[in-house]
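Heads up: the structure comes next, in structure tokens.
Worth knowing before you read on, the calculation uses all heavy atoms, side chains too, and leaves out hydrogens, waters and symmetry mates.
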Amino acid sequence: MTNIAVVESNISVYFIFQDVQKHSVHTLVFRSLKRTHDMFVADHAKPVSLDETSHKVKMAAKLRADYSAVLHMPVLKEGKDRPLGSNMHGNQNYAQPGKNAITSTSIIDKSLLISWATNESKTSQVFLIYNPLVFQSLLEGGGTKNSSLVARKAPTMPKPQWHAPWKLFRVISGHLGWVRSIAVEPGNQWFVTGAGDRTIKIWDLASGKLKLSLTGHISTVRGVAVSTRSPYLFSCGEDKQVKCWDLEYNKVIRHYHGHLSAVYDLDLHPTIDVLVTCSRDATARVWDIRSKANVHTLSGHTNTVATVRCQAAEPQIITGSHDSTIRLWDLIAGKTRATLTNHKKSVRALALHPRQYTLASGSADNIKQWTFPDGNFIQNLSGHNAIINAMAVNSDGVLVSGADNGTIHLWDWRTGYNFQRIHAAVQPGSLDSESGIFACMFDHSESRLITAEADKTIKVYKEDDTATEESHPINWKPEILKRKRF
């Protein structure tokens, strides 16, 4: 009988356990939570009692976090007879100047809140006046709302400077091929162009008349430069040749041999007798003008080096390449100082600002601005959706970009605002597709803009003297001028 009773009790326990197992764990936990909630539901809405010590710590942290921007302001006196550190009713606040931490007491009345703060380390005493409703909500919200006196950031993009629009002034014809390069002589009397007809032509800047033609290249002339210290003209072309012309005799006096492929651009150093050329062989070469020696071969690019620029300050040489990088070179060591990899497409154009220590680079994805000496990125100039072949910038802060589709965009350098777009008609008899711009340059007075184009012409632009800010207002929309930083 005893054994039977034990068995029956075990069976009952088993069935009870089976009943418990029918309920899921989730149901049991929910029941437990509900019972706990019911136990404390009476105290659920009651505020936590204020702890004086923690409140002072919170207020001190609040002053440092939200009002540090105005703690340096002078004392705001509400009345002549009112003692320093008292509120509007004449009562003394509970400031404790003996402590290093910032402490405060707040008195809220119907109209305003005065928060008195002292900071012994700075020996400053400041009154901060705020809307009481804002401050109360700030305290209730745990400090997530900002005060109206916290210093605000400046707008992302300031209003651009007004620039007069540019208009077509003269069209010069004479070349029999695409005009690929431009250079203006230091006296601003004439300028030089090189073209696909293998000739170099010298034009009078004032009248636009042809003065001289130089022949000697056996392929397209891709780059020209005029020396500021000697009567020399330098040219390079797709025939791998780099030539030095003596303009007193109008003939070639030096050749610089070394490039293994077409030479795309050249530039003269402003203070040293050094010539820098860049080529399709993925190198840039530094030449001693007088001895014709190849001082450095700047290797590092992995594709055609399309453009090169020199400046007196370090880094002295800047190259842009079809490998989508820009390299800043140390001329003394002949090595790369920095490589800029932000562009996604070939870099075909560079422009150095004449006054600022900055640079602009043009590519099919964007125009980007950089600061020297390390090539820190400033901003993107977006909107010229074409292959950009040429860029120029003047002292007034006008940046010009010329593209393969014949369009010219003019930008405000400081803000990156595109204030004008020009698409000049092609020369009669030319194909509409022949409207590319291969080079552009300001003359030394910066009153003329000269462009070299695929319709075999040279176009000269000038500012519209009759334009005013009232007649040509800036169509400025801040929401479209947000800088992209990448």
Is there a side-chain contact between [X] and [Y] in this structure, where contact means two heavy atoms from C-beta onward sitting under 4.5 Å apart?
X    : Y    : answer
L233 : L214 : yes
L381 : N418 : no
W166 : D464 : no

Verify the distance criterion only: is there a donor paired with an acceptor across the side chains of [X] and [Y] at less than 3.5 Å?
X    : Y    : result
S230 : S227 : yes
Q241 : H217 : no
S382 : N380 : no

Hey, mind stepping through F377 and W370 against ring pair (Phe, Tyr, Trp, His ring centres under 6.0 Å) and telling me if it holds? CA-CA 5 Å; F377 177 70; W370 319 82; 5.6 Å; yes

For V295, run the side-chain contact (heavy atoms from CB on, under 4.5 Å) check against D288, V274, L331 and tell me which one passes.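 Going through the options one by one, the only one that passes is D288.
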
Name of the residue among S363, S361, S321 meeting side-chain contact (heavy atoms from CB on, under 4.5 Å) with I326: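 Output: one option passes, namely S361.
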
Main-chain N/O of [Y] paired with [X] side-chain donor or acceptor, under 3.5 Å:
X    : Y    : result
H353 : L399 : no
N366 : K368 : no
R327 : G300 : yes
Y417 : W162 : no
E446 : S395 : yes
T277 : L266 : no
S324 : S346 : no

Minimal non-hydrogen separation, L449 against C440, with atom names: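 The answer is CD1-CB, 4.3 Å.
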
Plane angle bin for F234 and Y256 - parallel if under 30°, tilted between 30 and 60°, otherwise perpendicular: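 Taking F234 first and then Y256, their aromatic rings sit tilted (interplane angle of 30° to 60°).
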
Give me the ring orientation class for H409 and H384: parallel if the planes are under 30° apart, tilted from 30 to 60°, perpendicular past 60°.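 If you compare the ring of H409 with that of H384, the planes turn out parallel.
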
Please check if atom [atom1] in [X] has more than 12 non-hydrogen atoms from other residues, nucleotides or ligands closer than 6.0 Å.
X    : atom1 : result
R198 : CZ    : no
W178 : CH2   : no
R229 : CZ    : yes
K167 : NZ    : yes

T304/R280 under side-chain hydrogen bond (donor to acceptor under 3.5 Å, both in side chains): CA gap, chis, key distance, verdict: CA-CA 4 Å; T304 301; R280 198 168 60 195; 5.5 Å; no

Verdict with reasoning, D365 to K345, per salt bridge (charged side-chain N to carboxylate O under 4.0 Å, His left out): CA-CA 6 Å; D365 57 354; K345 300 288 181 68; over 6 Å; no

Is K459 salt-bridged to D455, cutoff N-O under 4.0 Å?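 So K459 pairs with D455 through a salt bridge.
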
Ionic contact status for R309 with D265, cut-off 4.0 Å: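 So D265 pairs with R309 through a salt bridge.
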
